[in-house]
2 protein chains.
Amino acid sequence: MRSYGQYCSVAKALDVVGDRWSLLLVRELLAQGPSRYTDLRRGLPGIATNLLAQRLRELEQAGIVTREHAPPPIATALFSLTPRGEQLKPVIEELGRWGIPLMAETTPQEEYRSYWLSLPVELFLAHDSSQHVATTIEVRAGEQPMLIEARDGAITTRPGTSEHADAVMSGPPQLVLGVLTGALDAEEAAAEGFRFDGDRDALERLRPQRLAIS
Amino acid sequence: MRSYGQYCSVAKALDVVGDRWSLLLVRELLAQGPSRYTDLRRGLPGIATNLLAQRLRELEQAGIVTREHAPPPIATALFSLTPRGEQLKPVIEELGRWGIPLMAETTPQEEYRSYWLSLPVELFLAHDSSQHVATTIEVRAGEQPMLIEARDGAITTRPGTSEHADAVMSGPPQLVLGVLTGALDAEEAAAEGFRFDGDRDALERLRPQRLAIS
DNA sequence: CAGCATCCGCTTTGATACTG
DNA sequence: CAGTATCAAAGCGGATGCTG
């Protein structure tokens with residue numbers, strides 16, 4: 001991209017990561033960790049393959065991404081964030097926070113990846129560690145099940161299922177997210193295809209307060 | 001801009017403010033407050049006039065900017081941020097924070113506006129209100145002098161000069177910023193055209209800690 | 001198959017000129 | 001002052017093909 005040519009740190013940041021797809025590419029590496037070229041393509045539906053290659057080169061030159069030839073078990077190269085690249089996390093978070101009200105609307109054509117859930121979960125859920133009640137919720141929305149796990153005051157997400165989850169939520173991503181953040185009532189959502197099985201309190205334990213999504 | 005078509009709040013935020021110039025336009029309105037079309041052009045050197053008009057329309061439609069016909073004293077329309085637009089401030093701040101290391105380099109062709117100083121000042125300076133020493137520093141870099149004022153635990157900036165400033169800093173923006181953030185020593189900087197007159201302690205009072213700019 | 005490069009049509013941007 | 005109009009250049013999206 002052509003530089004803005006301004007001696008301003010915002011403009012200079014945008015000179016580096018302001019290109020189309022650049023910040024979403026960083027989002028993918030933040031959410032997924034070291035990824036293969038093909039993984040990145042799957043997480044960036046709609047990107048032209050040559051553009052992905054070009055962005056990776058540019059971000060590599062800017063010191064944000066590194067390309068490593070993984071050790072023998074893996075036959076392919078892996079792309080990762082450098083420490084400098086990981087420092088973009090607050091930028092992604094604030095953008096994501098600002099974008100939350102926009103999540104109230106969606107269309108059937110919109111793409112969704114289940115691990116994108118991890119950002120809103122980190123932003124909006126918290127665990128009251130004083131309760132000392134470890135909690136696991138399985139979320140079935142998108143292409144693979146995800147687990148939200150809370151213990152010792154920390155909340156984490158990862159792909160997977162659990163035999164002894166406290167609760168299982170499933171349905172369209174919009175409804176699942178709405179119920180998770182508290183913008184939507186589980187009963188209302190049920191009428192549109194949302195399901196909640198298990199312990200209702202499990203969810204309440206993760207919600208410090210109700211948030212408006214719209 | 002064409003939508004990313006993803007059900008992700010980061011992607012949806014970028015659908016709205018990810019266009020070229022959009023976030024810099026928000027920066028201008030954050031830093032300058034309600035502005036005329038011409039003010040915005042001056043603060044966005046390099047933007048094509050048709051693009052500025054187009055971005056203003058788009059951001060107006062998105063509920064980020066409002067156009068108001070100002071009361072009689074002012075003959076022209078003013079553009080302002082809506083509350084929703086002001087909520088972009090954390091996004092701008094995090095981008096600006098991430099971009100600070102990039103400020104170590106500059107070229108003579110780069111444009112600079114003195115009020116752009118207010119962002120780094122808000123980010124990096126603080127005032128120990130326990131000291132109860134009100135402090136004023138005049139900064140002469142760019143097209144107009146600026147005042148950095150600290151009192152009652154708050155730091156503010158505004159254009160202007162002061163008869164009784166505790167100190168006056170002047171020189172190229174890069175050196176002034178370097179000394180302000182503590183990345184540069186006033187003595188080193190002096191060799192390259194930086195000047196500091198007045199009370200050295202005035203600056204120290206505003207610097208909670210030294211920060212690396214490079 | 002993973003990781004690109006090339007080509008082509010379309011959209012966005014930049015520069016300049018012009019207008020109420 | 002506050003834009004619109006025009007046009008060339010750059011960027012992007014999609015398809016395809018090449019290489020280990």
For a side-chain contact (heavy atoms from CB on, under 4.5 Å) check, start with the C-alpha distance between B:Arg67 and B:Tyr37, then their side-chain angles and the critical distance, and finish with the verdict. CA-CA 10 Å; B:Arg67 174 194 315 247; B:Tyr37 188 90; over 6 Å; no

Go through A:Leu119 and A:Lys89 one step at a time and tell me if the side-chain contact (heavy atoms from CB on, under 4.5 Å) criterion holds. CA-CA 10 Å; A:Leu119 175 69; A:Lys89 191 174 180 185; over 6 Å; no

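Classification of B:Arg97 and A:Glu94 as a salt-bridged pair fails, no side-chain N sitting under 4.0 Å from a carboxylate O. Salt bridge status for B:Glu143 with B:Arg42: absent, with no side-chain N to carboxylate O gap under 4.0 Å. Under a 4.0 Å N-O distance rule, the pair B:Arg55/B:Glu58 qualifies as a salt bridge.
Atom-to-atom, CG of B:Leu56 to P of D:dC1 comes out at 16 Å; the value is rounded to the nearest Å. For the pair A:Leu44 CG and C:dG3 P, the interatomic distance rounds to 14 Å; values are reported in whole Å. Rounded to an integer number of Å, the gap from B:Met1 CE to D:dG11 P is 16 Å. Per the geometry, CZ belonging to A:Arg36 stands 10 Å off C1' belonging to C:dC1, to the nearest Å. With rounding to whole Å, A:Arg42 atom CZ is found 10 Å from C:dG3 atom P. In this structure, the CG atom of A:Leu24 is 11 Å from the P atom of D:dG13, given to the nearest Å. The interatomic distance linking A:Glu68 (CD) with C:dA2 (P) rounds to 19 Å, in whole Å. Rounding to whole angstrom units, CG of residue A:Leu52 and P of C:dT6 are separated by 16 Å.
Each end of the helix from C:dC1-D:dG20 to C:dG20-D:dC1 yields a helix axis from five base pairs, and these two axes differ in direction by 30° (to the nearest 10 degrees).
No side-chain heavy atom of A:Thr76 sits under 4.5 Å from any side-chain heavy atom of A:Thr38. Inter-residue side-chain proximity for A:Thr66 and A:Glu60 is flagged as unmet; no heavy-atom pair is nearer than 4.5 Å.
In terms of the side chain to side chain contact (heavy atoms under 4.5 Å, CB included) criterion, residue partners of A:Arg84 (sequence neighbours excluded) are, by chain and number, A:Thr82, A:Gln87, B:Trp98, B:Pro101, B:Leu102.
At least one donor-acceptor pair closer than 3.5 Å links the side chain of B:Gln174 to the backbone N or O of B:Ala104.
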Between the protein and nucleotides 13-16 of chain C, which nitrogen or oxygen pairs are less than 3.5 angstrom apart?
{"unit_1": "C:dT13", "atom_1": "OP1", "unit_2": "B:Arg55", "atom_2": "NH2", "d": "2.8"}
{"unit_1": "C:dT13", "atom_1": "OP2", "unit_2": "B:Arg55", "atom_2": "NH2", "d": "2.6"}
{"unit_1": "C:dG14", "atom_1": "OP1", "unit_2": "B:Arg20", "atom_2": "NE", "d": "2.6"}
{"unit_1": "C:dG14", "atom_1": "OP1", "unit_2": "B:Arg20", "atom_2": "NH2", "d": "3.0"}
{"unit_1": "C:dG14", "atom_1": "OP2", "unit_2": "B:Trp21", "atom_2": "NE1", "d": "2.8"}
{"unit_1": "C:dG14", "atom_1": "O3'", "unit_2": "A:Arg2", "atom_2": "NH2", "d": "3.2"}
{"unit_1": "C:dA15", "atom_1": "OP1", "unit_2": "A:Arg2", "atom_2": "NH1", "d": "3.3"}
{"unit_1": "C:dA15", "atom_1": "OP1", "unit_2": "A:Arg2", "atom_2": "NH2", "d": "3.4"}
{"unit_1": "C:dA15", "atom_1": "N6", "unit_2": "B:Asn50", "atom_2": "ND2", "d": "3.0"}

